[in-house]
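The structure appears right after this line, and notes come after that.
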2 protein chains.
Amino acid sequence: MANIKDIAKKAGVSVTTVSRVLNNHPYVSEDKREAVLRVMEEFNYQRNINAVHLSKGETLLIGVVVPFTNHPYFGQLVEGIANEAMKNNYKLVLFQTNYEEDREIEALKMLQHKQIDSLIICSRICEWDVINQFTEYGPIVLCEDARNRNVSSTFIDHYMSFSNALEYLHNKGHQKIGYCIGRKTGANSRQRGKAYADFLKRIDEPYKEEFIFYECLHFEHGEEVVQRLSNMDNPPSALLVTNDFAAAGIVTSCRENGIHIPDDLAIMGFDNQPIAKIMHITTLEIPLVQMGRQLLLQAIDGKKHTHQEISVKLIERQTV
Amino acid sequence: MANIKDIAKKAGVSVTTVSRVLNNHPYVSEDKREAVLRVMEEFNYQRNINAVHLSKGETLLIGVVVPFTNHPYFGQLVEGIANEAMKNNYKLVLFQTNYEEDREIEALKMLQHKQIDSLIICSRICEWDVINQFTEYGPIVLCEDARNRNVSSTFIDHYMSFSNALEYLHNKGHQKIGYCIGRKTGANSRQRGKAYADFLKRIDEPYKEEFIFYECLHFEHGEEVVQRLSNMDNPPSALLVTNDFAAAGIVTSCRENGIHIPDDLAIMGFDNQPIAKIMHITTLEIPLVQMGRQLLLQAIDGKKHTHQEISVKLIERQTV
DNA sequence: CTGTTAGCGCGTTCAA
DNA sequence: TTGAACGCGCTAACAG
């Protein structure tokens with residue numbers, strides 16, 4: 001493939017001049033510019049981006065770390081990131097980690113090696129000391145409260161949201177409340193767990209491990225939850241479900257099993273995905289697409305570390 | 001940041017030797033290797049990947065074009081691609097196109113400019129003449145029957161599958177059959193449309209435009225379908241729904257509206273997503289994750305163009 | 001086993 | 001306005 005030197009020779013100018021027309025610099029006479037352009041056309045010239053990257057030290061690539069691609073929560077988040085990336089002429093490198101720490105480290109290393117300009121971590125398994133080792137190499141943006149850290153972040157106050165949701169259920173007359181969540185650990189999950197424990201103390205209810213359902217990520221997991229619920233002597237009368245699809249699965253499964261919602265069991269979802277509307281699920285709206293946008297903007301800003309709290313909204317429907 | 005030359009100087013060897021230990025080449029004495037490693041440690045040496053890319057002419061990056069990230073069909077496909085990419089030490093650059101041709105062209109141009117080694121197009125809006133302009137720059141892999149083209153492909157025989165599915169419904173006693181699909185055009189959609197038209201001719205039924213439902217992508221679209229169905233004087237008695245989530249939405253919406261499945265309306269889904277199992281939806285299994293794997297392997301093979309047909313399997317459950 | 005050297009393709013300073 | 005020359009950091013052919 002022809003390179004800048006070939007073009008220069010053929011057009012009878014220096015590589016510098018070619019480079020100038022390539023980058024729309026001033027100080028190139030119109031005739032030379034045209035000559036260069038003509039030769040480029042003739043040779044079907046393609047500039048080698050990697051050489052540009054090497055020369056400039058940036059790639060216009062931004063890494064995005066997600067545990068799973070195939071999940072509506074991350075799907076919406078990535079959608080927001082992708083849209084904003086497009087607008088700003090950045091491309092995304094997707095890291096699907098399955099919550100394996102090595103995959104996250106790979107992503108961090110790509111930042112270190114300058115193959116990506118910055119890194120957005122939508123959810124992580126690795127500890128802070130790991131991330132801290134890489135903050136010097138480029139902007140890192142988290143999707144969790146990281147205000148006291150050396151990175152940027154866009155986040156929800158999960159402690160507060162969860163507390164409010166629990167309070168809401170309590171005000172509706174529920175005393176025995178359980179919750180379904182994706183995973184046990186994780187910054188956001190821990191916040192929610194703490195909110196739950198504190199809430200129980202406040203209303204003077206005992207903490208029951210069996211009222212918490214983990215690995216609740218997809219629609220199909222609703223069935224397992226209802227299964228377990230049916231086998232309980234003293235099941236919760238309300239469930240906070242941190243994902244609308246899982247909530248929809250629970251609602252569907254309840255119908256099949258003759259469990260009436262909200263009378264027998266109240267369900268409160270999270271995210272306000274479209275499915276929640278169709279199935280009339282009361283939910284806490286989290287503007288994921290907008291959060292994605294924000295994450296990307298922080299990633300390309302990179303100036304200093306910023307932190308943006310996003311607020312949630314209760315959407316009352318018919319499952320509570 | 002220290003570079004290979006600094007390391008060489010400090011370690012008292014040549015850059016070549018440093019490069020050799022960097023790439024695990026043989027022919028490096030143990031003491032020199034150790035000396036180099038020690039200096040690297042000391043300087044916290046980071047190799048500049050872009051320089052490697054420039055030198056080698058490859059990036060270990062593979063582009064993936066999808067219309068939407070946030071869709072279970074593409075979610076599963078990308079999951080398969082991502083898993084296989086991980087195994088082979090490739091990373092993915094994600095292009096979310098929203099079916100805008102310009103976005104697809106951007107991806108093709110990144111191939112042309114060698115920022116990615118090859119490109120997987122999961123679904124496209126652009127015409128073949130556009131793609132043909134880029135085949136010379138690197139392997140392009142499509143997720144549709146492209147056997148007579150200058151690319152590789154992994155595909156389903158959608159004409160055959162759709163025909164079989166229609167035949168199955170017909171054998172179950174259905175004469176008035178409609179279908180729901182994502183979009184009007186697109187290679188796969190056209191194949192299905194043709195199968196549908198041919199089938200109607202075969203059973204001597206008139207082609208009714210109102211029996212076809214477009215833009216049926218998500219769970220929530222099921223509601224609209226059922227809405228339209230309810231307003232028909234002479235609605236179809238069976239529906240082929242090319243997406244299990246949309247099928248699930250239809251099933252759910254039917255329940256709410258007192259339409260009994262399968263007696264009033266038979267539903268046949270596609271993909272065999274987990275939701276289909278939970279909701280007992282009869283469906284055509286499409287091994288998307290496996291297809292994703294295959295797509296990636298074709299992308300990194302690149303030797304010559306290969307074409308792989310994937311077969312589907314009917315999963316009988318309770319909605320037909 | 002080791003080092004010299006010539007690229008890879010482009011950006012950019014500096015002098016003209 | 002222009003171009004020579006150097007630098008970006010690394011790989012690999014070749015010579016020793």
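By convention in this document, chain letters (A, B, ...) are assigned in the order of the sequence lines, proteins followed by strands, and residues within each chain are numbered from 1.
Between B:Val13 and A:Thr16, it is B:Val13 whose nearest contact on DNA chain C lies nearer the 5' terminus.
Which of D:dC10, C:dC10, C:dT12 sits closest to the side chain of A:Lys56 comes down to C:dT12. Ranking D:dT11, C:dC10, D:dA5 by closeness to the B:Ile4 side chain, first place goes to D:dT11.
We find that B:Glu215 and B:Lys184 are not joined by a salt bridge, their nearest charged nitrogen and carboxylate oxygen being 4.0 Å or further apart. Taking the charged nitrogens against the carboxylate oxygens, B:Lys109 and B:Glu106 have no contact shorter than 4.0 Å, which rules out a salt bridge. Taking the charged nitrogens against the carboxylate oxygens, B:Glu84 and B:Lys87 do have a contact shorter than 4.0 Å, which makes a salt bridge.
When the C1' atom of D:dC8 is taken as reference, atom CD1 of A:Ile49 falls 16 Å away, rounded to whole Å. Following rounding to the nearest Å, B:Leu54 (CG) and C:dC8 (C1') show an atom-to-atom distance of 4 Å. In this structure, A:Glu58 places its CD atom 12 Å from P of C:dG11, rounding to the nearest Å. Taking atom CG of B:Asn48 as the reference point, atom P of D:dC8 lies 11 Å away to the nearest angstrom. Put simply, CD on B:Gln115 is 14 Å from P on C:dC10, counting in whole angstrom units. One can place CD of B:Gln46 at 13 Å from P of D:dG9, the figure rounded to the nearest angstrom. At whole-Å resolution of the value, CD1 in A:Ile7 and P in C:dC10 are 9 Å apart. Distance, B:Tyr45 OH to D:dG9 C1': 7 Å, rounded to whole Å.
For the contact set between residues 18-44 of chain A and DNA chain C, defined by any heavy atom under 4.0 Å, the members are A:Ser19, A:Asn23.
By the 6.0 Å contact criterion, CD on A:Glu30 is enclosed, its count of non-hydrogen atoms from other residues, nucleotides or ligands being greater than 12. Residue A:Glu41 qualifies as open at atom CD: its count of foreign heavy atoms under 6.0 Å is 12 or below.
B:Ser311 meets the side-chain contact (heavy atoms from CB on, under 4.5 Å) test with no other residue; sequence neighbours excluded.
In this structure, A:Ser55 does not reach the D:dC8 phosphate: none of its side-chain N or O atoms is under 4.0 Å from OP1 or OP2. Side-chain N/O atoms of B:Asn3 include one lying less than 4.0 angstrom from OP1 or OP2 on D:dG9. The side chain of B:Thr17 contributes no N or O atom lying less than 4.0 Å from OP1 or OP2 of C:dT2.
Judged by distance alone, the side chains of A:Arg33 and A:Asn24 never bring a donor and an acceptor atom under 3.5 Å apart. Using modelled atom types, one finds a donor on one side chain and an acceptor on the other under 3.5 Å when comparing A:His71 with A:Asn243.
Taking the C1' atoms of five terminal pairs at each end of the helix from C:dC1-D:dG16 to C:dA16-D:dT1, the two resulting helix axes are inclined by 40°, rounded to 10°.
Under a cutoff of 6.0 Å and an axis angle of 45°, B:Arg20 and B:Tyr27 do not form a cation-pi pair.
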